[in-house]
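Step one of this worksheet: look at the structure below.
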Amino acid sequence: MLLVIPAVFGTACVLVPDSSGMGTHRQLGLPPCTFLNVTGLVCPQCGLTTSFALLVRGRIGEALWANPAGPVLAVMLAAVWPWLLVSVVSRRWYLSSDPAGILLKLVIGWFLLTLAQWVPRIL
């Protein structure tokens, strides 16, 4: 995770945000969203890569429009990274006896936020 988080932000810096608000992931060689193609509705993750690509460029409003969960995930990752770094350097979990529990709560919270922002997008 210590290497993955900077890689995510680095990749977002290289990608050119798609002007439609989604589809930036195609630059990574990934296919179009299957859920969108089958249902005609955006999936909870649609626009997430575009959101990150916009966010690293300081275009916060557009990032929120592309996928509101994107900036929240970016803040979570940016907050977790120093904790991981200190934990690796100190060779113990810093400020926590239950790191898996903390990470699980963060993942569940972000998942619920993703679903909460998705519902209005499909209505």
Side-chain angles (χ1 to χ4, degrees):
M1 285 302 293
L2 203 56
L3 299 176
V4 169
I5 293 172
V8 167
F9 284 100
T11 301
C13 288
V14 173
L15 297 174
V16 177
D18 193 285
S19 60
S20 72
M22 64 180 103
T24 303
H25 69 282
R26 301 289 312 275
Q27 295 170 44
L28 299 170
L30 298 170
C33 177
T34 302
F35 188 87
L36 179 62
N37 286 341
V38 170
T39 67
L41 301 170
V42 295
C43 79
Q45 304 305 311
C46 277
L48 190 61
T49 306
T50 304
S51 182
F52 261 75
L54 289 163
L55 189 65
V56 297
R57 288 165 174 77
R59 295 161 58 183
I60 298 168
E62 292 172 85
L64 287 165
W65 178 80
N67 187 320
V72 174
L73 179 59
V75 168
M76 288 172 57
L77 292 175
V80 165
W81 192 84
W83 172 65
L84 290 171
L85 180 62
V86 170
S87 295
V88 167
V89 170
S90 67
R91 295 183 178 189
R92 66 178 182 84
W93 290 110
Y94 183 69
L95 297 177
S96 175
S97 59
D98 184 24
I102 290 172
L103 293 175
L104 180 62
K105 288 174 187 169
L106 287 172
V107 168
I108 290 171
W110 184 75
F111 177 75
L112 292 174
L113 172 69
T114 300
L115 290 179
Q117 64 82 31
W118 178 57
V119 172
R121 292 173 73 196
I122 60 172
L123 295 179

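Quick caveat: nothing in here was measured; it's all calculated off a predicted structure. Here, residue 1 is the first one in the sequence, and each next residue gets the next number.
- Within the structure, side chain to side chain donor-acceptor pair (under 3.5 Å) contacts touching residues 4-21 (residues at least two apart or in different chains) are D18-S20.
- V86 and V88 end up in the same hydrophobic cluster when Ile, Leu, Val, Met, Phe, Trp and Tyr side chains are linked at under 4.5 Å.
- Looking at every heavy atom in both residues, N67 comes nearest to C46 through ND2-O, 3.0 Å.
- Within the 4.5 Å cutoff, no side-chain heavy atoms of L41 are placed close to those of L36.
- The shortest side-chain heavy-atom distance between P17 and E62 does not fall under the 4.5 Å cut-off.
- The side chain to side chain donor-acceptor pair (under 3.5 Å) analysis of residues 35-56, with sequence neighbours excluded, yields the pairs T24-T50.
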Determine, stepwise, if the pair L84 / I5 fulfils side-chain contact (heavy atoms from CB on, under 4.5 Å). CA-CA 10 Å; L84 290 171; I5 293 172; 4.1 Å; yes

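- A donor-acceptor pair under 3.5 Å is formed between the side chain of W118 and the backbone N or O of V42.
- Closest of all the heavy-atom pairs between G21 and A66 is O-CB, 3.4 Å.
- Across all non-hydrogen atoms, the minimal contact from A78 to P82 is O-CD, 2.9 Å.
- The shortest heavy-atom contact between R121 and C43 is NH1-O, 4.3 Å.
- In terms of heavy-atom proximity, P71 sits nearest to L55 at CA-CD2, 3.7 Å.
- For W81, there are no ring pair (Phe, Tyr, Trp, His ring centres under 6.0 Å) partners two or more places apart in sequence or in a different chain.
- Cluster annotation: V80 and V56 are assigned to the same hydrophobic cluster (Ile/Leu/Val/Met/Phe/Trp/Tyr, side-chain heavy-atom contacts under 4.5 Å, transitive).
- Pairs passing the ring-ring contact (aromatic ring centres under 6.0 Å, His included) check and including a residue from residues 7-34, sequence neighbours excluded, read F9-F52.
- The shortest heavy-atom contact between Q117 and P68 is OE1-CD, 3.1 Å.
- Under a 4.5 Å side-chain heavy-atom cut-off, the cluster of Ile, Leu, Val, Met, Phe, Trp and Tyr residues that includes V107 has no other member.
- Hydrophobic clustering places F35 together with M22 (ILVMFWY residues linked when any side-chain heavy atoms are closer than 4.5 Å, directly or through intermediates).
- Taking the side chain as every heavy atom from C-beta outward, L15 and L28 approach each other to under 4.5 Å.
- Side-chain contact between D98 and I102 is absent, with no heavy atoms from C-beta onward closer than 4.5 Å.
- The closest donor-acceptor contact from the side chain of W110 to the backbone of V72 lies at 3.5 Å or more, if one exists at all.
- At least one donor-acceptor pair closer than 3.5 Å links the side chain of R57 to the backbone N or O of A12.
- In this structure, the side chains of V14 and Q27 stay at 4.5 Å or more apart for every pair of heavy atoms.
- In the hydrophobic clustering of ILVMFWY residues, with side-chain heavy atoms under 4.5 Å counting as a link, L85 and L103 come out together.
- No more than 12 heavy atoms of other residues, nucleotides or ligands shown are found within 6.0 angstrom of CD1 on I60.
- By the ring pair (Phe, Tyr, Trp, His ring centres under 6.0 Å) test, W93 is found to be paired with W83, residues two or more places apart in sequence or in another chain being considered.
- V4 is connected to L48 through a chain of hydrophobic side-chain contacts under 4.5 Å among Ile, Leu, Val, Met, Phe, Trp and Tyr, so both are in one cluster.
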